[in-house]
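Quick note on labels: first sequence line is chain A, next is B, and so on, each numbered from 1.
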Number of protein chains: 2
Amino acid sequence: MLTGQRRTLILDILRRDGQVIAKRIADDFGLSEDTIRRDLREMAAERLLTRVHGGALPLAPELPDFSARRGVSPDVKRQLGAFAAKMVQPRRTVFLDGGTTTAEIARHLPRSFAFTVVTHSPTIAAELEHHPTAEVILIGGKLYKHSMVATGAAAMAAISLVRPDIFFLGVTAIHPVHGLSTGDFEEAAIKRHIAQCSAETYVMATQEKLDAASPCHILPIRAVSGMVVPSDITEASLAPYRSAEVPIFAVGD
Amino acid sequence: MLTGQRRTLILDILRRDGQVIAKRIADDFGLSEDTIRRDLREMAAERLLTRVHGGALPLAPELPDFSARRGVSPDVKRQLGAFAAKMVQPRRTVFLDGGTTTAEIARHLPRSFAFTVVTHSPTIAAELEHHPTAEVILIGGKLYKHSMVATGAAAMAAISLVRPDIFFLGVTAIHPVHGLSTGDFEEAAIKRHIAQCSAETYVMATQEKLDAASPCHILPIRAVSGMVVPSDITEASLAPYRSAEVPIFAVGD
DNA sequence: CATATTCGTGCAAATTCCTGCATGATGCAG
DNA sequence: CTGCATCATGCAGGAATTTGCACGAATATG
């Protein structure tokens with residue numbers, strides 16, 4: 001990757017996220033932190049950003065915006081997203097479900113090699129507008145606005161035509177007995193279908209998902225190859241998956 | 001290979017990839033890196049590109065990129081969008097092209113009655129997330145990131161399955177002689193196909209589109225049922241459409 | 001205050017760049 | 001046809017840049 005291009009991308013990320021974390025960028029680009037630090041140092045000298053311990057921020061005027069946004073997006077989701085994004089290998093095809101957690105995966109996808117992203121969420125697709133190396137396949141269909149994903153026969157048919165290596169599945173609730181579930185019948189059908197078409201399916205779950213009231217439309221355990229959960233998730237919720245010997249990745253402090 | 005021809009190719013690659021790597025180009029052309037470096041050096045002197053260690057990048061204000069086009073003439077676009085949005089009737093199906101002008105249509109769509117929106121742009125679809133009454137059909141396909149629309153055989157096939165009443169078409173340039181055109185072959189094919197499937201096609205154009213340098217891939221006049229343009233648009237550019245008796249709506253102050 | 005990151009500097013290896021020069025092709029005048 | 005000038009190209013060698021690593025200093029966090 002060219003140095004100039006890398007710095008342009010850093011500025012893109014800075015504009016988009018309101019912050020840049022040296023370590024994360026280094027991972028994304030597949031370079032050492034030293035290189036990124038040197039970039040940040042020199043870009044700070046050119047008044048393109050302000051240097052801070054751990055990374056960089058936009059120039060002074062945008063600072064309040066940053067602090068406001070900071071509280072909104074939970075760190076847990078970001079950590080889960082970063083973890084899952086590291087599972088993506090060169091030339092693979094990854095299917096990203098809709099939702100805020102999978103959106104974090106999209107933001108952390110590696111930028112140092114090429115791969116393909118398939119998604120039925122226009123929101124996820126929009127996130128990837130500035131990704132330098134990802135090829136994006138958009139699955140169309142009737143838009144289910146509640147969760148902003150394409151559904152219906154057209155979506156089912158389009159999904160049948162891809163064979164993703166990894167599917168990152170977002171769920172609405174995990175019930176100690178019934179397991180994974182989502183609130184809409186149509187949505188559940190789509191998720192099941194994607195899982196069937198994919199070689200591996202990894203569930204992304206955050207703690208609040210466990211507190212969701214009623215499980216509705218069940219997703220079968222057999223479809224799951226692994227789960228990415230915050231480290232403080234309740235044991236009871238995961239019981240069915242432990243017994244099924246599903247790998248569980250506990251991420252976070 | 002002729003030197004001039006080689007340099008033209010280098011510029012093509014630069015436009016396509018957003019970067020040029022000296023080593024790779026040298027391999028592709030079967031020439032030494034020195035030759036390529038000399039090319040890059042001299043093309044940089046002619047202000048055709050910016051030289052960086054390892055290759056070259058486009059000039060500082062990157063070629064008309066989707067994100068860069070944002071906010072070019074916001075007020076005019078908003079007026080055009082509001083005008084076009086008023087053309088939407090209850091229970092009709094409207095196809096929204098990708099682009100900033102059509103995004104303004106999406107923002108102004110009526111909220112008092114139900115209708116259907118079809119689009120192959122995830123950005124447009126995301127705009128409609130909170131619209132209370134619009135049903136959104138998302139056309140999928142390979143995402144062409146430059147303008148953020150789905151393209152390819154899958155998109156063509158999906159478009160064939162809808163029959164929009166109105167298609168709001170965005171164009172890259174209007175040439176006084178050649179007429180409507182867009183910069184990408186694939187994109188032009190998609191636009192033509194949408195127009196063929198739609199009962200009516202209305203062109204959305206802003207003044208800066210007329211100043212665009214070279215028309216590339218032509219869209220036929222017969223596909224156009226009307227044009228929505230700012231009131232200060234140059235007469236010359238619209239001449240072909242006046243002679244074809246195409247209704248022209250001049251919007252603005 | 002203790003611990004864990006993060007930072008900065010120096011250094012070495014690899015890559016890329018530039019300069020100067022030789023070679024070969026082309027064009028032109030005699 | 002010959003001789004000469006011009007130009008594109010490749011190559012050699014030294015300069016400059018980039019990058020990663022190591023180690024001690026600085027900083028954040030509890």
With a 4.0 Å limit, can you tell me whether B:Ser32 has a side-chain N or O closer than that to the phosphate oxygens OP1/OP2 of D:dT9? no
List in chain and number order the residues that pass side chain to side chain donor-acceptor pair (under 3.5 Å) with A:Arg111, two or more places apart in sequence or in another chain; answer none if no residue qualifies. none
Kindly write out the residues that satisfy salt bridge (Lys or Arg N to Asp or Glu O under 4.0 Å) with A:Lys145, not counting sequence neighbours, or none if the list is empty. none
Name all residues meeting the side chain to side chain donor-acceptor pair (under 3.5 Å) criterion together with A:Ser160; count only those two or more places apart in sequence or in a different chain, and write none if there are none. A:His193
Nearest to the side chain of A:Asp34 - D:dC21, D:dC11, D:dT18? D:dC21
What N/O pairs connect the protein and nucleotides 27-29 of chain D at under 3.5 Å? Give each pair on its own line.
none

Going by side chain to side chain donor-acceptor pair (under 3.5 Å), name the residues that satisfy it together with A:Glu187, two or more places apart in sequence or in a different chain. A:Ser147
Side-chain donor-acceptor pairs of residues 32-41 of chain B under 3.5 Å, sequence neighbours excluded:
{"residue": "B:Ser32", "atom": "OG", "partner": "B:Asp34", "partner atom": "N", "Å": "3.4"}
{"residue": "B:Ser32", "atom": "OG", "partner": "B:Thr35", "partner atom": "N", "Å": "3.4"}
{"residue": "B:Ser32", "atom": "OG", "partner": "B:Thr35", "partner atom": "OG1", "Å": "3.3"}
{"residue": "B:Glu33", "atom": "OE1", "partner": "B:Arg37", "partner atom": "NH1", "Å": "3.4"}
{"residue": "B:Asp39", "atom": "OD1", "partner": "B:Arg6", "partner atom": "NH1", "Å": "3.0"}
{"residue": "B:Asp39", "atom": "OD1", "partner": "B:Arg7", "partner atom": "NE", "Å": "2.8"}
{"residue": "B:Asp39", "atom": "OD1", "partner": "B:Arg7", "partner atom": "NH2", "Å": "2.9"}
{"residue": "B:Asp39", "atom": "OD2", "partner": "B:Arg6", "partner atom": "NH1", "Å": "2.2"}

side-chain contact (heavy atoms from CB on, under 4.5 Å) partners for A:Ala84, two or more places apart: A:Ile105, A:Phe168, A:Met204
Side-chain donor-acceptor pair under 3.5 Å between B:Lys77 and B:Thr100, yes or no? yes
Who passes salt bridge (Lys or Arg N to Asp or Glu O under 4.0 Å) against A:Asp165, sequence neighbours left out? none
Please enumerate all residues that pass salt bridge (Lys or Arg N to Asp or Glu O under 4.0 Å) together with A:Asp12, with sequence neighbours excluded. A:Arg15
Residue whose closest nucleotide on DNA chain D lies nearer the 5' end, A:Glu33 versus B:Glu33: B:Glu33
When you measure from the side-chain N and O atoms of B:Arg51 to the phosphate of D:dT17, is any distance below 4.0 Å, counting only OP1 and OP2? no
Using the test ring pair (Phe, Tyr, Trp, His ring centres under 6.0 Å), find all partners of A:Phe83 that sit at least two apart in sequence or belong to another chain. A:Phe249
Stretch residues 38-47 of chain B: residues that reach within less than 4.0 Å of DNA chain D through a heavy atom: B:Arg38
Interface limits on DNA chain C, where chain B has a heavy atom under 4.0 Å of a nucleotide atom: C:dT16 to C:dT19
